[in-house]
Amino acid sequence: MNKTIIVTGGAGFIGANFVLAWVKQGFGKVVNLDKLTYAGNLENLVDIQHNANHVFVRGDIGDQKLVAQLLAEHQPCAVVNFAAESHVDRSIHGPEDFIQTNVVGTFHLLEAVRAYWGGLNATDKTAFRFLHVSTDEVYGSLEKDEAPFVETRKYEPNSPYSASKAASDHLVRAYHHTYGLPVLTTNCSNNYGPHHFPEKLIPLVIHNALAGKPLPIYGTGQQIRDWLFVEDHCAAIRRVLEAGKVGEVYNIGGWNEKPNIEVVRTLCRILDAKKPREDGKPYADQITHVEDRLGHDQRYAIDATKIARELGWKPQETFETGIEKTVNWYLENQHWVNNVTSGDYRNWVQKHYADRGEEMA
Ligand code: NAD
Ligand code: DAU
């Protein structure tokens, strides 16, 4: 079996980081299937645009015929599924796209993969993997003193986004249990790093700070997330693909629990040092508390013991080193930010934050 893999959603934040590392580090050929929604951006892949080991295909994971054609043509040894609608706030404004891509799309993808896998010879069948990239949000919200999420934690998704991801996880599990499809599922905490679309907290705050706009904190800002540098997440996925036990779930996290307000204050401090405001005032002056997210989960935390113990993965970056790299990337790539924040982005920001009484666009 050749070493080609199909990656879905490889023009988005995590998918692009994964594809860039895979191709640049010479792991083999990637066929990158991405619909190029507002979150998908070919500029993320510019470094490998002329690399023969990267084949980009614009298309939908829900297009079973297209996926079947790609599988037949490229004979991959694995499919890594990043493609999803990923933004919780958008899922609150309009859940339908989330059901369509995350649930129905994953179903069609699985059907195409099942048919392809069923036709492989015995050796290739045993070697094949379908890796589904999921989230810690499927487990719901933790109380302050509760232990972090382990893989056996019951599913209690609270947003349309997390419910749609939970449904996709269940489908993946069922395709293994029922048909024997060799699946792996990873549930990861909040990623941050280069190419992160500035609708999510960290890139939004960097972008707004530099633009002199308010830094919107939902509610008190005491909600807690566990942050992982995106390249560490990509390394974990590679490790699971390489050595994960078929049918198993691996939680991936950074052991970096932080309240949102602390994350934002850290970003302000780093920017104060690297790119001081012209008026000499601290960026923290731009912090503005706005109306809370509906159904806002209070706390996520991942127990990443299993992947460390069984597969030997642990994060390389601390929050301090990762966040510094991230701020540097945004400061050095303002053209990328300017390109992605033109057009439709402004409409989203205007609609979403105007509801909270803030003028941001
Ligand atoms: P993203 O929104 O930045 O990128 C999603 C990509 O999928 C985009 O390129 C988009 O064009 C593509 N896409 C969307 N619908 C598609 C469809 N129907 N067919 C083909 N392509 C489609 O998302 P991300 O933050 O990179 O997240 C990637 C995956 O990782 C998602 O499955 C998400 O649930 C999961 N995840 C994300 C985080 C995080 O912190 N961002 C953490 C844990 C898990
Ligand atoms: O936990 C993993 C999840 O992390 C992934 O599955 C999702 O795809 C990803 O988007 C992310 O979800 P969150 O909702 O945690 O990320 P977001 O960056 O949208 O928000 C992080 C926290 O910051 C959350 O508590 C909401 C808060 N927030 C967010 C925005 C955009 C604010 O206070 N203000 C904001 O303007």
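Read the numbers this way: they start at 1 and go in the same order the structure lists the ligands and their atoms. This one's a predicted model, so the numbers in the text were calculated from it and none came from an experiment.
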Side chain, backbone, both or neither: the part of L204 lying under 4.0 Å from ligand 2 by heavy atom: side chain
Ligand 2 N/O within reach of I217 N/O, cut-off under 3.5 Å: no
Check: R239 side chain, L311 main-chain N or O, donor-acceptor pair, under 3.5 Å: yes
Under 4.0 Å to a heavy atom of V88 - the qualifying atoms of ligand 2, by number: 14 (O)
Mutual orientation of the aromatic rings belonging to H87 and H352 [parallel < 30°, tilted 30-60°, perpendicular > 60°]: perpendicular
Partner set under side chain to side chain contact (heavy atoms under 4.5 Å, CB included) for A209, not counting sequence neighbours: L215, L271, Y283, Q286
Heavy-atom nearest neighbour in the protein, as seen from atom 27 (C) of ligand 2, with distance rounded to 0.1 Å: N260 ND2, 3.5 Å
Residue and atom name of the nearest protein heavy atom (relative to atom 18 (O) of ligand 2), distance in Å to one decimal: L201 N, 2.8 Å
Which atom of V19 lies closest to which atom of H54, heavy atoms considered: CG1-CD2, 3.7 Å
Cluster link I202 to Y161, ILVMFWY, side chain under 4.5 Å: no
From the candidates H196, K200, R90, H87, the one that places a heavy atom nearest atom 10 (O) of ligand 2: K200
Nearest neighbour in protein (non-hydrogen) for atom 12 (O) of ligand 2: E137 OE2, 2.8 Å
Q49 atom CD: more than 12 heavy-atom contacts under 6.0 Å: yes
Minimal non-hydrogen separation, S134 against D169, with atom names: OG-OD1, 2.8 Å
Ligand-residue contact atoms, ligand 2 with T135, heavy atoms, under 4.0 Å: 1 (O), 2 (C), 3 (C), 5 (C), 6 (O)
Option from Q222, E146, K144 for which side chain to side chain contact (heavy atoms under 4.5 Å, CB included) with R299 holds: E146
Atom 19 (O) of ligand 2: nearest protein contact (heavy atom, Å): R293 NH2, 3.0 Å
Which of the ligand 2 atoms, numbered from 1, are nearer than 4.0 Å to a heavy atom of Y300: 1 (O)
Donor-acceptor pairs under 3.5 angstrom involving side-chain atoms of residues 172-179: please list them, not counting sequence neighbours.
from, atom 1, to, atom 2, distance (Å)
Y175, OH, E111, OE2, 2.7
H176, ND1, L181, O, 2.9
T178, OG1, A174, O, 3.0

Identify all side-chain donor-acceptor contacts of residues 64-71 below 3.5 Å with residues at least two apart in sequence or on another chain.
from, atom 1, to, atom 2, distance (Å)
Q64, OE1, H108, ND1, 2.8

Short N or O distance, P216 and ligand 2, threshold 3.5 Å exclusive: yes
Residue pair K200 / S86, side-chain donor-acceptor N/O under 3.5 Å: yes
Connected via hydrophobic side-chain network under 4.5 Å: V88 and Y218: no
cation_pi(R90, W348) dist<6.0 Å, angle<=45: yes
For atom 16 (O) of ligand 2, the protein heavy atom that lies nearest, with its residue and separation: N190 ND2, 3.5 Å
Protein heavy atom at shortest distance from atom 26 (C) of ligand 2: H296 NE2, 3.4 Å
Atoms of ligand 2, numbered as shown, that sit under 4.0 Å from any heavy atom of Y161: 5 (C), 6 (O), 7 (C), 8 (O)
Between ligand 1 and the protein, which N/O pairs fall short of 3.5 Å?
from, atom 1, to, atom 2, distance (Å)
ligand 1, 2 (O), S86, OG, 2.7
ligand 1, 3 (O), F13, N, 3.1
ligand 1, 9 (O), G12, N, 2.9
ligand 1, 9 (O), D34, OD1, 3.2
ligand 1, 9 (O), D34, OD2, 2.6
ligand 1, 11 (O), D34, OD1, 2.6
ligand 1, 11 (O), L36, N, 3.4
ligand 1, 11 (O), T37, N, 3.0
ligand 1, 11 (O), T37, OG1, 3.1
ligand 1, 18 (N), D60, OD1, 2.9
ligand 1, 18 (N), T101, OG1, 3.0
ligand 1, 19 (N), I61, N, 3.0
ligand 1, 21 (N), K35, N, 3.0
ligand 1, 23 (O), S86, OG, 3.2
ligand 1, 26 (O), F13, N, 3.3
ligand 1, 26 (O), I14, N, 2.8
ligand 1, 32 (O), F82, O, 3.0
ligand 1, 32 (O), K165, NZ, 2.6
ligand 1, 34 (O), Y161, OH, 2.6
ligand 1, 34 (O), K165, NZ, 3.1
ligand 1, 40 (O), N191, N, 2.9

Aromatic W117 / basic K125 pairing, under 6.0 angstrom, 45° off normal: yes
Q223-ligand 2 polar pair, N/O distance under 3.5 Å: no
Taking atom 1 (O) of ligand 2 as the reference point, the nearest protein heavy atom with its distance: D136 OD1, 2.5 Å
Identity of the nearest option to atom 8 (O) of ligand 2, non-hydrogen atoms only, from S86, C188, S159, A39: S86
Within-cut-off N or O pair, R225 and ligand 2, under 3.5 Å: yes
Closest approach of W313 to D232 (non-hydrogen atoms, all atoms of both residues): NE1-O, 3.2 Å
Shortest protein heavy-atom distance from atom 36 (O) of ligand 2, along with the residue and atom involved: Y353 OH, 2.6 Å
Under 4.0 Å to a heavy atom of E199 - the qualifying atoms of ligand 2, by number: 31 (C)
Short N or O distance, Y218 and ligand 2, threshold 3.5 Å exclusive: yes
Qualifying residue, where the test is side chain to side chain contact (heavy atoms under 4.5 Å, CB included) with V205 and the options are N260, L210, V264: V264
